Amino acid sequence: MRTATLGPAQRAESLAAMAERELDVLVVGSGVVGAGVALDAVTRGLSTGLVEARDWASGTSSRSSKLIHGGLRYLEMLDFALVREALKERGLLLERLAPHLVKPVPILYPFEHKVWERMYAGLGVALYDVMSMARGHGRGLPAHRHLTRRQALRVAPALKKDALVGALQYYDAQMDDARFVATLVRTAVSYGAKAANRARVTGFLREGERVVGARVQDVEGGGEYEIRARQIVNATGVWTDDTQAMVGERGQFHVRASKGIHLVVPRDRISSSSGLILRTEKSVLFVIPWGRHWIIGTTDTDWDLDKAHPAASSADIDYLLERVNSVLAVPLSRDDVEGVYAGLRPLLAGESEATSKLSREHTVAHPAPGLVVVAGGKYTTYRVMAKDAVDEAVRGLDQRVADCVTEDVPLLGAEGYRALWNARARIAARTGLHVVRVEHLLNRFGAMAEEVLDLITADPSLGEPLHAADDYLRAEIVYAASHEGARHLDDVLTRRTRISIETFDRGTRSAREAAELMAPVLGWDKGHIEREVEHYEKRVEAERESQRQPDDLTADAARLGAPDIVPL
């Protein structure tokens, strides 16, 4: 199967093609659910379009805890169906659909009480393992194990001795959420879907009661397109109500936003060979290994301010530091924090006043002929949400349509990944790269790493690391613009790579080098390079300022101090 290239020319061609003839399905919103809907629809043989107002995964789907998990805490809520479903999806992703992107991660759960907590948690995790293996998709992960305090401290020496009486270790999985979505989009395009980012829906076309299309503005070029479709799927997450308002149909449910923030600290600040999960009075706290870093999260608070750029306040950061420091022998300080990011969970409103208790189940509705809405859910079960949304759209098509096949459709880069992994030493010898660099590329691109290596063969200087972010090769920046749809510096430093949260300078020292690498691909002149760099620096400064503010209102005001769009 051919791979898909999402460069500037392909984007222009996709917009023109979507406007040229009526589609079967037009998907609005390219988070993980929207991208999943596009892949599901196109692999059923439906002509499919996907439009995104900003960048792939620029909202919730790039700002998660980076976990693919069954949701242990949903067992406590006795939500067995959701956990069972999520564990099946976790197994499919690990073993079949995306083994290059989704990896096992060990997690340590410290006990504060000797007997009842070990029994209670042990039964829950045992059930978790059994439910996973019962579906035939959990055998790739080790079973949980109980640890004494001494054993637990050998695994995680960073913990205070008096912070635990023992522990339990189990396994879940993790991924780079934004990279996963970009790969989903490319996979859909490889099967024939048309996709364009920076393409904003400004209104819907109607014939009587029926929704028959959308007006789409090219945010980059300034043109406007009328894209007609027999069914439109609204997969805009926390923007669901806003999108529905354009149709004049608010539907049977509302979506409420809950803010979760995460801190990124260097790996050497916490001595542990395992991730951690800690109970708080409101929810749970994760400390997750992330390459040469740790991700610490998350909070869970109601948010009704700017949805595009939710801001982390000083109080949010202090909350996480206080909670994690309660168990660390050497506490973390503000000076240890490399990066901070905030995301919004799209929760179905109405079940509970506390956002941590709102349902993570999803809902699909058909509020008007020609329009399907999908909302809620959790990242891990995106494929099930996509299937349900396309099933609903198919009911509005007067034709026989094949059933969902995405359970058996690996994402781009999955096929051949394990063979290339086994040959990584040979690839390193052939290319002159260190084997660690080859492993890095294989775990980000899978078999498509060969395309990145081709760039290096053509220009050996691209095999060098970025000067101020040496985890990434210069070729990855070029590839992001030429193959992955990156249109701006922010797309590359924040989502195609994670330089914006993995360096103390938040990517500002890499900005110019990255912009100069992108420029030939995107046709930027020196003036455009300057505007991209200046825009990125202002965004970083606005985020830093927001993180110094005491509360949500002041943090939001500070974050909005930076322009949203790079000036032409």
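From a predicted model like this one, the values you see are computed outputs, not experimental measurements.
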Review point. Can any side-chain N or O of T299 pair as donor or acceptor with the backbone N or O of I261 at less than 3.5 Å?
Key: yes

Review point. If you measure from CD1 on I288 to CD1 on I277, what distance do you get to the nearest 0.5 Å?
Key: 8.0 Å

Revision key, fill the gap. Result for salt bridge (Lys or Arg N to Asp or Glu O under 4.0 Å) between D491 and one of R54, R496, R539, R198 points to R198

Practice item. May I ask you to decide whether D241 forms a salt bridge with R256, counting only side-chain N to carboxylate O separations under 4.0 Å? Key: no

Check your understanding: Mind checking whether Y479 and H483 have parallel, tilted or perpendicular rings, split at 30° and 60°?
Key -> parallel

Point to revise | Aromatic ring proximity, centroids under 6.0 angstrom, F180 and Y382 | key: yes

Review point. Under 6.0 Å between the ring centres of H440 and Y472?
Key: yes

**Study point:** Reported NE2-to-CE distance for the pair H488 and M518, which is rounded to 0.5 angstrom
**Key:** 8.0 Å

Point to revise | Residues K538 and E541 bridged, charged N to O under 4.0 Å | key: no

Check your understanding: Between R11, R495, R200, R487, which is the residue that forms a salt bridge (Lys or Arg N to Asp or Glu O under 4.0 Å) with D55?
Key -> R495

Review point. Are a donor atom and an acceptor atom from the side chains of Q549 and E545 found within less than 3.5 Å of each other?
Key: yes

Exercise for review: Measure from NZ or CZ of K66 to the centre of the six-membered ring of Y341, then state whether that distance is under 6.0 Å and the direction lies within 45° of the axis.
Suggested key: yes

**Study point:** Atom NZ of K259: over 12 foreign heavy atoms under 6.0 Å
**Key:** yes

Review point. So, H254 versus Q244: side-chain donor-acceptor pair below 3.5 Å or not?
Key: no

Check your understanding: Would you call D391 and K387 a salt bridge, using N to O less than 4.0 angstrom?
Key -> yes

